[in-house]
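Shown next, in structure tokens, is the structure this report addresses.
Throughout, protein chains are lettered first and strands after them, A, B, ... in sequence-line order, and every chain is numbered starting at 1.
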There are 2 protein chains.
Amino acid sequence: MKTIDEHLDDPAAVSRLLRRHGITPTRQRVVIARAILSRPQHLTADQVLQLTLEAGDRVSKATIYNTLGLFSRKGLIRELTIDSQRAFYDSSTHPHHHFYDPETQQLTDVDEDALQLRLPETLPDGTEIDHVDVVIHLRPSRSSTG
Amino acid sequence: MKTIDEHLDDPAAVSRLLRRHGITPTRQRVVIARAILSRPQHLTADQVLQLTLEAGDRVSKATIYNTLGLFSRKGLIRELTIDSQRAFYDSSTHPHHHFYDPETQQLTDVDEDALQLRLPETLPDGTEIDHVDVVIHLRPSRSSTG
DNA sequence: TTAATTGCAAACATTTTGCAGGTTC
DNA sequence: GAACCTGCAAAATGTTTGCAATTAA
């Protein structure tokens, strides 16, 4: 659905991308989409706000939050729950898992082939699987400096 | 380390349990420990507060939060990050994974044998695995009523 | 009796909401 | 021009902190 090779420098292309996801393009939404989708990354709402400011485009905090929620619902990005305190937004929407280093608060993708998961066949009644999150929480290794 | 068969009705036994985990027993801590450890369950801080109130023991909200944090650090309970908005505390500390139903906000344990996980051999430099959380997010099944 | 713990209220951080004004199609 | 979107400020969580009073050893 999402075309990665789209020229994100071109606002018209970003508008088309949004439209293809059922999102009405507005100046703010294009700014936010360009900030997030420019490369594979994991960002908090506040980091997205900073990126838009650095790009010279003012977007209010409320619009950042509302837009990130909209993009997630529409499948343009993925909301990750790793830290109780803040949400992360992932510009990669294909199924994949994460390392989390609480020291640096950095998220890293786990290589697709490196992790194998066999899911339960039996689920609670009346439910099906929406998605699965695997988070490998890291700590400094005993032998490492620190 | 944690003895499950301990008589949690007996405050003296709970005090011993706390001490064994390096926690100085106080009235409030015993009240909170009894509320959580009485059975396998997943509770939010607010639910723990309700339980202590129902038991007729007043504990302040600040003490609930501080004590849940202390118990987690000492390995008496486990803090789970499932929902960005609130933390869950699990009375079972052995490694196991969870189903999460966002409709009901209910957590359920995944049967140990039902899920198989092969972890990556290569980790980011200078780190080792602290723990792994697998959360299977559910949704109502298409065929179900609702 | 000394150090640790508690309760309260205030502070904090993140996210949501109400509404007036502005934008899109 | 009708419906939708934005910005601001205020509200709504959930959680932490400062400090005086209380409790544990």
Exercise for review: For nucleotides 14-25 of chain D, just jot down a letter per nucleotide in 5' to 3' order: B, S or -, based on protein non-hydrogen atoms under 4.0 Å.
Suggested key: SBBB------SS
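Under 4.0 angstrom from either OP1 or OP2 of C/dT6 there lies no side-chain N or O belonging to B/Thr63. Listed pair B/Arg29 / C/dT6 meets the phosphate criterion, a side-chain N or O lying under 4.0 Å from OP1 or OP2.
One atom, CG of B/Asp83, and another, P of D/dT13, lie 14 Å apart when rounded to the nearest Å. As rounded to whole Å, 13 Å separates atom P of D/dT6 from atom CG of A/Asp57. Taking atom CG on B/Leu70 and atom C1' on C/dT6, their separation rounds to 13 Å, with Å as the unit. In this entry the distance linking CG of A/Leu18 with P of D/dC4 reads 18 Å, nearest Å. What separates CD1 of A/Ile23 from C1' of C/dC25 is a distance of 17 Å, to the nearest Å. Between A/Leu53 atom CG and D/dG7 atom P the separation is 11 Å, expressed in whole Å.
Between A/Asp90 and A/Arg78, none of the side-chain N atoms (NZ, or NE/NH1/NH2) sits under 4.0 Å from a carboxylate O, so this pair counts as no salt bridge.
The closest donor-acceptor contact from the side chain of A/His96 to the backbone of A/His94 lies under 3.5 Å.
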Side-chain donor-acceptor contacts of residues 113-126 of chain A below 3.5 Å, not counting sequence neighbours, with atom names and distances?
none

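Every pair passing salt bridge (Lys or Arg N to Asp or Glu O under 4.0 Å) that includes a residue from residues 49-74 of chain B is listed here, sequence neighbours excluded: B/Asp46-B/Lys61.
Between B/Ser91 and B/Gln41 the shortest heavy-atom distance is OG-N, 2.8 Å.
With hydrogens and angles left out, the side-chain atoms of B/His97 and B/Asp133 include no donor and acceptor closer than 3.5 Å.
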